[in-house]
A.B. asks: 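What follows is a single structure, and I will ask about it in a moment.
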There are 2 protein chains.
Amino acid sequence: MNLEIITKAIASKGLKITHQRIVVYQALLASVIHPTAEQIYDQIKESNPAISLATVYKTLETFVENRLINKVPSPNGTMRYDARTDYHNHIYISNTNEIMDYDDIELKEILLNYLKKKQFENLNITDFKLQIKGEKIDPIKGITIS
Amino acid sequence: MNLEIITKAIASKGLKITHQRIVVYQALLASVIHPTAEQIYDQIKESNPAISLATVYKTLETFVENRLINKVPSPNGTMRYDARTDYHNHIYISNTNEIMDYDDIELKEILLNYLKKKQFENLNITDFKLQIKGEKIDPIKGITIS
DNA sequence: TGATTTAATAATAATTATTATTATTTAGTA
DNA sequence: TACTAAATAATAATAATTATTATTAAATCA
């Protein structure tokens, strides 16, 4: 991923460009599983052994506060992180513990339409998404993927 | 809530009827906020000071394993519990930290239709729900409810 | 550019939420 | 009623996350 894009994204939120932030953001952008803070830490520590786990947590929280990334609660209770901030949905895969993105403009339209039609008294809707839960099937053996 | 219904529900899963289980299940059924284990513990301990927090956790987990109740991950990372097992959606209210049920047959139909139409390769969908996030509005003052 | 200021980080302690352990108690059943 | 397996209380342990503080680095500005 382009380093310039990364530094610009961080700077655009008025945040200082630091090596740690670049590395954490880069790792999150490169991941497709919606990693935990610890998974990001494990991934970056080989090439950056000086970065501490607490810094990873702090950095991620800073990004979330500045709406550069999103937090995703997962069914097993640990927080996951998502570099995407545009509209999309998630599929939680229970047998691999992955969280995958699910994109479909049609779905977004359907949901927007639906919510517009309905009345929600005294409630200001700030977000909505279809949460799909499923299990990956090994096409040969059936559902046995760990 | 009817004690007989509660004991029957517990027994229907082949679980022993204990005072602790009755009290925990009763408290969950009576709650509309989708409480945490600790909130249930706080609520029941006045009339049942001998029940320990660990028992509340254990009891809830037993209920979840036996599909008598459901676990609901929340945006702030702590687990919430839900006595309902029939199809319904949730609205997470960020300014009060409540989780509310949202029921609509039409929505269920829309989503079922949609998912049936789409192809998900190598994925067995086990659950889906619309996750709505919002904030309660004080009709007089605007959004200021804590 | 170099000094200064302010924010960020590393190291680690502390906290919170949850799970595990084990001795004791209890529910279901013979 | 007594037996046996399961459940509970008390508490220790663990996992995930947050707080603290001394140190370091980035941005500002003279």
Side-chain angles (χ1 to χ4, degrees), chain A residues 3 6-8 10-27 34-42 44-45 47-66 68-81 97 99, chain B residues 3 6-27 34-45 47-66 68-81 97 99:
Chain A
L3 191 76
I6 290 170
T7 54
K8 275 193 177 153
I10 296 170
S12 76
K13 303 296 181 178
L15 297 171
K16 284 187 182 172
I17 312 290
T18 68
H19 176 63
Q20 291 83 345
R21 284 174 180 170
I22 291 168
V23 168
V24 169
Y25 189 45
Q26 194 161 236
H34 300 76
T36 63
E38 196 131 15
Q39 284 172 329
I40 291 172
Y41 172 71
D42 286 342
I44 67 178
K45 77 176 167 197
S47 36
N48 299 84
I51 298 179
S52 76
L53 177 58
T55 297
V56 174
Y57 271 104
K58 193 88 197 330
T59 301
L60 290 168
E61 199 52 43
T62 301
F63 288 164
V64 170
E65 282 164 10
N66 288 276
L68 190 62
I69 68 171
N70 277 119
K71 246 181 173 165
V72 183
S74 85
N76 74 102
T78 59
M79 273 301 165
R80 311 281 287 259
Y81 295 87
N97 205 30
I99 294 173
Chain B
L3 191 76
I6 290 170
T7 55
K8 276 194 177 151
I10 296 170
S12 75
K13 303 297 181 178
L15 297 171
K16 284 188 181 172
I17 312 290
T18 68
H19 176 65
Q20 292 83 342
R21 283 173 178 170
I22 291 168
V23 168
V24 168
Y25 189 46
Q26 192 160 237
H34 300 75
T36 63
E38 195 131 16
Q39 283 172 330
I40 292 172
Y41 172 71
D42 286 341
Q43 204 218 298
I44 67 178
K45 76 175 169 196
S47 37
N48 299 84
I51 298 179
S52 78
L53 178 58
T55 297
V56 174
Y57 271 104
K58 192 90 196 328
T59 301
L60 289 168
E61 200 51 43
T62 302
F63 288 163
V64 170
E65 282 164 10
N66 288 277
L68 190 61
I69 68 171
N70 277 119
K71 247 181 172 163
V72 182
S74 85
N76 74 102
T78 59
M79 273 300 166
R80 310 282 287 258
Y81 295 87
N97 206 30
I99 294 173

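Throughout, protein chains are lettered first and strands after them, A, B, ... in sequence-line order, and every chain is numbered starting at 1. No experiment lies behind these values; they were computed from the predicted model shown.
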A.B. asks: What is the separation between atom CD1 on I10(B) and atom P on dA7(D), rounded to the nearest whole Å?
C.D. replies: 12 Å
A.B. asks: Among dT9(C), dA10(C), dA7(D), which is the nearest nucleotide to the side chain of R21(B)?
C.D. replies: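 Nearest listed nucleotide: dA7(D).
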A.B. asks: Atom CG of N48(A) and atom C1' of dT9(C): how far apart are they, to the nearest Å?
C.D. replies: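 It is 13 Å, rounded to the nearest whole Å.
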A.B. asks: Minimum heavy-atom separation for N48(B) to H19(B), with atom names?
C.D. replies: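 Closest heavy-atom pair between N48(B) and H19(B): ND2-NE2, 2.5 Å.
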A.B. asks: State whether T55(A) places a side-chain N or O below 4.0 Å from either non-bridging phosphate oxygen (OP1 or OP2) of dA10(C).
C.D. replies: yes
A.B. asks: Atom OG1 of T59(A) and atom OH of Y25(A): how far apart are they, to the nearest 0.5 Å?
C.D. replies: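 Answer rounded to 0.5 Å: 13.5 Å.
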A.B. asks: According to a strict under-4.0 Å criterion, is Q20(A) in side-chain N/O contact with OP1 or OP2 of dA25(D)?
C.D. replies: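 No.
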A.B. asks: Might you point out which heavy atoms bring E38(A) and L53(A) nearest each other, and give the distance in Å?
C.D. replies: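 Nearest pair, atom of E38(A) first, then L53(A): CA-CD1, 4.1 Å.
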A.B. asks: Take nucleotides 17-30 of chain C nucleotide by nucleotide from the 5' end and write B, S or -, depending on whether a protein heavy atom sits under 4.0 Å from the base, only from the sugar-phosphate, or from neither.
C.D. replies: SBBB------BS--
A.B. asks: Let me know the distance between CG of N76(A) and P of dT14(D), rounded to the nearest Å.
C.D. replies: 20 Å
A.B. asks: Taking side chain to side chain donor-acceptor pair (under 3.5 Å) as the test, write out the residues that go with Q43(B), two or more places apart.
C.D. replies: none
A.B. asks: Rounded to whole Å, how long is the line connecting atom OH of Y41(B) with atom C1' of dT16(C)?
C.D. replies: 15 Å
A.B. asks: Are the side chains of R21(A) and T62(A) in touch, meaning some heavy atoms are under 4.5 Å apart?
C.D. replies: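 SC-SC contact between R21(A) and T62(A) confirmed.
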A.B. asks: Distance check needed: dT18(D) C1' versus L60(A) CG, whole Å only.
C.D. replies: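 Atom-to-atom, L60(A) to dT18(D), this comes out as 13 Å.
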A.B. asks: How would you list, by chain and number, every residue that makes a ring pair (Phe, Tyr, Trp, His ring centres under 6.0 Å) with Y81(A), sequence neighbours excluded?
C.D. replies: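 Ring pair (Phe, Tyr, Trp, His ring centres under 6.0 Å) list for Y81(A), sorted by chain: empty.
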A.B. asks: Figure out the CD1/P separation between I22(A) and dA25(D), and round it to whole Å.
C.D. replies: 15 Å
